[in-house]
Amino acid sequence: MIRISPSVLSADFTRLGEEIRASEQGGCDRFHIDVMDGHFVPNISMGPFVVEAVRSITKLPLETHLMIDRPERYVDTFIRAGADVVIVHQENTPHLHRIVQQVREQGIQIGVALNPGTPAHTLDEVIDELDLVLVMSVNPGFSGQKFIASTLPKMRLLRDTITRKGLACDLEVDGGVNADTAPQIAAAGVNVLVAATAIYKHPQGIAAGIRELRDRAAAQGVRV
Ligand code: DX5
Ligand code: ZN
């Protein structure tokens, strides 16, 4: 089944609680919180206080997408703030294997993200230990960017690896996911869609944005 993970980066922050509730009522499956430090990516967004605030108003799983240098310094802080899934980038730590262990030891799910220019095979040595692989389909830092179609073969490759090895690992995509791109993404074997603009800026509202993504993905997707 396709799962939808709204990225609150494009929510209305003056009404964050209402936006979260509307997303839940619209049938989303989890929430995606983008953490940016102005170093790893050219933008600064939110930190553990926002994760804590979101945690206090939803029971759905929270994934924290850490776009920060050396995330090992902050992993425990985000876990304490209520993260259920910690996502780090392959590119932002020299000790990927260590951080995977660090998160798993605490019984929290670990995901690793790959920027558009990073090949799938860089995860060969850790993929057996992962709960999630996140294929970035934009260069991270901002919502509202255009989907980079050259990331589709990487999604197919990762789905093949996950299937061949029989892993219980989600395959997620983030960046430029909308009604037009969702079918190709689902057809490439992705089972979790992250979206900010397509949900929080949908002309008919949040629930319509979630429903549209789910319908469009299901139309051409594979069931995993
Ligand atoms: C990009 C973030 C995304 C972003 C997606 O750096 O990681 O989660 O919010 O935004 P859209 O869906 O608008 O491309
Ligand atoms: Zn993200």
Side-chain angles (χ1 to χ4, degrees), residues 2-13 16 19-20 23 26 28-48 50-51 54 60-69 71 74 78 83-92 109-118 131-152 154-155 170-186 190-203 205-206 208-214 216-217:
I2 293 288
R3 276 173 285 153
I4 308 289
S5 186
S7 155
V8 301
L9 193 60
S10 290
D12 178 349
F13 275 77
L16 186 56
E19 300 270 88
I20 297 282
S23 311
C28 73
D29 301 285
R30 47 169 85 181
F31 286 100
H32 181 93
I33 303 185
D34 288 302
V35 179
M36 305 178 186
D37 67 351
H39 291 276
F40 180 65
V41 291
N43 196 7
I44 299 176
S45 60
M46 45 206 141
V50 175
V51 176
V54 176
L60 288 181
L62 295 188
E63 48 186 42
T64 52
H65 179 190
L66 302 185
M67 289 164 275
I68 61 177
D69 279 343
Y74 291 102
F78 282 98
D84 300 288
V85 187
V86 171
I87 303 171
V88 299
H89 271 255
Q90 186 274 354
E91 304 88 0
N92 65 5
Q109 293 197 9
I110 176 74
V112 177
L114 296 175
N115 280 337
T118 307
D131 298 291
L132 179 147
V133 174
L134 172 56
V135 175
M136 289 306 301
S137 42
V138 298
N139 287 295
F142 303 92
S143 351
Q145 301 184 78
K146 190 175 176 300
F147 180 77
I148 299 172
S150 61
T151 58
L152 283 163
K154 182 159 50 181
M155 297 172 208
D170 284 319
L171 182 58
E172 183 176 63
V173 69
D174 184 7
V177 177
N178 57 35
D180 293 332
T181 56
Q184 341 164 29
I185 292 167
V190 167
N191 70 308
V192 189
L193 303 181
V194 176
T197 309
I199 292 176
Y200 290 107
K201 306 289 185 203
H202 193 282
I206 291 172
I210 293 170
R211 195 168 47 244
E212 187 172 64
L213 285 181
R214 207 185 283 290
R216 293 286 290 151

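Residue numbers start at 1 and run along the sequence shown. Read the numbers this way: they start at 1 and go in the same order the structure lists the ligands and their atoms.
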Which of the atoms of ligand 1 are close to [X], meaning less than 4.0 Å from one of its heavy atoms?
{"X": "Asp174", "answer": "2 (C), 3 (C), 4 (C), 5 (C), 7 (O), 8 (O)"}
{"X": "His65", "answer": "7 (O)"}
{"X": "His32", "answer": "8 (O)"}
{"X": "Leu9", "answer": "9 (O)"}
{"X": "Phe142", "answer": "1 (C), 6 (O)"}
{"X": "Met67", "answer": "6 (O), 7 (O)"}
{"X": "Ala195", "answer": "12 (O)"}

Out of His89, Glu91, Lys154, which residue meets the side-chain hydrogen bond (donor to acceptor under 3.5 Å, both in side chains) rule with Thr118?
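Looking at His89, Glu91, Lys154, the match for Thr118 under the side-chain hydrogen bond (donor to acceptor under 3.5 Å, both in side chains) is Glu91.
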Does ligand 1 have an atom that lies less than 4.0 angstrom from a heavy atom of Lys201?
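For ligand 1, residue contact (heavy atoms, under 4.0 Å) with Lys201 is absent.
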Contact between ligand 1 and Gly175 is defined here as a heavy atom of the residue under 4.0 Å from a ligand atom; is it met?
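Yes, Gly175 has a heavy atom closer than 4.0 Å to ligand 1.
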Has ligand 1 got any nitrogen or oxygen that is less than 3.5 angstrom from a nitrogen or oxygen of [X]?
{"X": "Ala196", "answer": "yes"}
{"X": "Ser10", "answer": "no"}
{"X": "Pro140", "answer": "no"}
{"X": "Gly141", "answer": "yes"}
{"X": "Gln145", "answer": "no"}
{"X": "Ala198", "answer": "no"}

Identify the protein heavy atom lying closest to [atom], giving its residue, its atom name and the separation to 0.1 Å.
{"atom": "atom 2 (C) of ligand 1", "result": "Asp34 OD1, 3.4 Å"}
{"atom": "atom 9 (O) of ligand 1", "result": "Ser7 OG, 2.9 Å"}
{"atom": "atom 14 (O) of ligand 1", "result": "Gly176 N, 2.8 Å"}
{"atom": "atom 11 (P) of ligand 1", "result": "Gly144 N, 3.7 Å"}

Which heavy-atom pair separates Arg216 from Ala179 by the least distance, and what is that distance?
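Looking at all heavy atoms of both residues, the shortest contact is NE-O, 2.8 Å.
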Begin from the C-alpha positions of Val8 and Glu19 and carry the test side-chain contact (heavy atoms from CB on, under 4.5 Å) through to its verdict.
CA-CA 8 Å; Val8 301; Glu19 300 270 88; over 6 Å; no
Return the CZ to SG distance between Arg214 and Cys28, rounded to the nearest 0.5 Å.
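Arg214 atom CZ to Cys28 atom SG measures 8.5 Å (nearest 0.5 Å).
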So, taking the atom named CG in Asp12 and the one named NZ in Lys201, what distance separates them when rounded to the nearest 0.5 Å?
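Atom-to-atom, Asp12:CG and Lys201:NZ are 7.0 Å apart.
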If you check every N/O/S atom of [X], which is the one nearest the Zn ion (ligand 2)?
{"X": "His65", "value": "ND1"}
{"X": "Asp174", "value": "OD2"}
{"X": "Asp34", "value": "OD1"}

Is it the case that the side chains of Tyr200 and Ser7 hold a donor-acceptor pair, with the cut-off being a distance below 3.5 Å and no angle test?
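Their side chains do not contain a donor-acceptor pair, so the 3.5 Å distance test is not met.
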Is the shortest side-chain N to carboxylate O distance from Asp170 to Arg3 below 4.0 Å?
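A salt bridge is present here (some side-chain N lies under 4.0 Å from a carboxylate O).
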Which segment of Thr197 sits under 4.0 Å of ligand 1 when only heavy atoms are counted:
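Looking at Thr197 and ligand 1, atoms from backbone and side chain both fall under 4.0 Å.
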Given that the side chain starts at C-beta and the backbone is N, CA, C, O, which of these parts of Ser143 lies under 4.0 Å from ligand 1, counting heavy atoms, or is it both or neither?
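Both the backbone and the side chain of Ser143 come within reach of ligand 1.
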After noting the C-alpha distance and the side-chain angles of Ile87 and Asp174, does the key distance pass the side-chain contact (heavy atoms from CB on, under 4.5 Å) rule?
CA-CA 12 Å; Ile87 303 171; Asp174 184 7; over 6 Å; no
Working note: Val194 + His65, criterion side-chain contact (heavy atoms from CB on, under 4.5 Å); need CA distance, chi angles, decisive distance, verdict.
CA-CA 11 Å; Val194 176; His65 179 190; over 6 Å; no
Step-by-step side-chain contact (heavy atoms from CB on, under 4.5 Å) determination, Val35 to Val50:
CA-CA 10 Å; Val35 179; Val50 175; over 6 Å; no
